[in-house]
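These notes are about the structure you will find just below.
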Number of protein chains: 2
Amino acid sequence: MSTEVKSGVDTMRGSTLPAYQRIASAIRTKITSGELAPGEQLPTEHEIAEQYGVARQTVRNGLALLVSEGLIVSQRPRGHFVRRREHMIYRPQAESRPQPASPEMDRFCQQITEEGRTPTQTIDVSLIAAPADIAQRLELDEGTLIVARRRVRSINGEPVNINDSHFPLEIVKDSEIMSPADIPRGTNQALADLGYAQDRAIDEYYWRMPTPEESHRLSLGAGTPVVMHIVTGYTVDGRPVRCTRNVLPGDRHMIVYERKWE
Amino acid sequence: MSTEVKSGVDTMRGSTLPAYQRIASAIRTKITSGELAPGEQLPTEHEIAEQYGVARQTVRNGLALLVSEGLIVSQRPRGHFVRRREHMIYRPQAESRPQPASPEMDRFCQQITEEGRTPTQTIDVSLIAAPADIAQRLELDEGTLIVARRRVRSINGEPVNINDSHFPLEIVKDSEIMSPADIPRGTNQALADLGYAQDRAIDEYYWRMPTPEESHRLSLGAGTPVVMHIVTGYTVDGRPVRCTRNVLPGDRHMIVYERKWE
DNA sequence: GAGTGGTCTAGACCACGAG
DNA sequence: TCGTGGTCTAGACCACTCC
């Protein structure tokens, strides 16, 4: 049978925390204190195991904790590294402001190019049956045919967000919005030119972990949450004419709003 | 282990998924399709292991994936359950609107009591050295003494968010804002009564996984991201007089904004 | 007391990228 | 080719809750 005595890894001095949590905690402290800088490499799993006198699997449990917290990333087979983070500013209000007369897409491009990076986007337009959440916001029955204009925006070839706009079929039918090409003046202006100028919008936000599909499309690492941003645009008559669903990865965005006291 | 390798798991990926990912995928499908309803219990690890003919640890790897995606929770030692989610609507704009003359806290209470739940909050006021992020927004030097008014808001005894407001010491000194008691008309009104009415605010949002401390204070399960919401309030002269840091767990909030086209 | 998940071990083989 | 992390096994003991 087991000739092995109780492991004794614990030594239970003061801390009753499991070994893997203590390991995670020690490394976490080194990261938040700056002793381990962003981008820096951690010791190998084997080394950490030796250092703490535990099995490699125990170290892996600890590292998994830090990965799920978004503090480190694993770059197989090179090792574990302290995660770098940088945010791109995202201003939903920009699209409803006249400002420098630049439509939605331009603003996106503009901001990025200013930073010396190369923005690109892929556009795909299709007719789909309205899913429940979109149908409800467009005040249509679920399954009604609508137009979906899907975009993936990238910087330097890396996708940074998913932006899917939905329109009632009858109002955009035969318009340029149905064409999978960039609309330099923006879809909102195009919609206005069709007689459906938006007067009001409702922004909804909620946040969660990405689905595996989103993780794949956005090349997300573990421990990166996403925000779902849903915009519903209304005409002055109160008719919903657009519903846009954005998926924003947490490691690439920061949302900024400005508001006036009323 | 001579695992028979028949690929074709999923379309064009070409390669075989590891067993734990296939298990996770199968359960994930059952959840998203509704075959496994929210709150429903999963089979035990042992049963799943038997069903797939793998070791228990392999099943655990798969379940850990689903936990980190926020799809299931583990309730030791009862078993794993499909996670329920319900969102509380959060309207940042409400605080800057006259509406039914109800201040910030009232609004929080009001909304909750309407739903038949019991809101509570704990308040703690202290003098602290301004941390870098707050100092920058209040346009003060890091380390300057400021007033921190920290609140934890709870529903039915369960904490739902952390709300820490910071003020320059000189403008709230000797005022009721320094007292750790509820201010029925709201701190914003109190600030206005001191001659520092806010005219404009900037809202910033970013999202990440919680720190272990936040997880503990908010009783968060794994797989629950948080949003950091930072509000900086300015007087009509453009002076920042308040900086509030909110921590909102992803399983309990939804942010809603309404805006007018300009 | 029975049964759950939580933790841990000491091996093993594999895929992959850098040298 | 070598060393990394990724995956997997077959055990073991524990803490906890429910019955």
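Convention: sequence-line order gives letters A, B, ...; per-chain numbering from 1.
Tyr20(B) has its OH atom 8 Å from the P atom of dG6(D), to the nearest Å. Straight-line distance from the CD atom of Glu50(B) to the C1' atom of dG5(C): 17 Å, rounded to whole Å. Look at CD on Gln41(A): it is 11 Å from C1' on dG5(D), rounded to the nearest Å. Rounded to an integer number of Å, the gap from CZ of Arg60(A) to P of dT7(C) is 16 Å. For the pair Gln57(A) CD and dC8(C) P, the computed distance is 11 Å after rounding to whole Å. Between Glu45(A) atom CD and dG5(D) atom P there is a gap of 5 Å when expressed in whole angstrom units.
Of all the residues in residues 71-84 of chain B, Ser74(B), Arg76(B), Pro77(B), Gly79(B), His80(B) reach under 4.0 Å from DNA chain C with at least one non-hydrogen atom.
Arg150(B) and Ser126(B) share a side-chain donor-acceptor pair at under 3.5 Å. Donor-acceptor pairing under 3.5 Å is recorded for the side chains of Arg83(B) and Thr224(B).
Closest-nucleotide positions on DNA chain C for Leu42(B) and Arg56(A) were compared, and the one nearer the 5' end corresponds to Leu42(B).
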Checklist entry - What's the verdict on salt bridge (Lys or Arg N to Asp or Glu O under 4.0 Å) for Glu69(A) and Arg208(B), showing C-alpha distance, side-chain angles and the deciding distance? => result CA-CA 8 Å; Glu69(A) 288 171 15; Arg208(B) 55 168 169 75; over 6 Å; no
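You'll find the side chain of Arg217(B) stays beyond 4.5 Å of the side chain of Pro159(B), heavy atoms only. Between Thr244(B) and Asp164(B), the closest side-chain pair of non-hydrogen atoms is not below 4.5 Å.
Judged by distance alone, the side chain of Glu47(B) and the main-chain N or O of Thr44(B) form a donor-acceptor pair under 3.5 Å.
Within 4.0 Å (heavy atoms only), Gln21(A) reaches sugar-phosphate atoms of the nucleic acid but no base atom.
Side-chain N/O atoms of Thr58(B) include one lying less than 4.0 angstrom from OP1 or OP2 on dT9(D).
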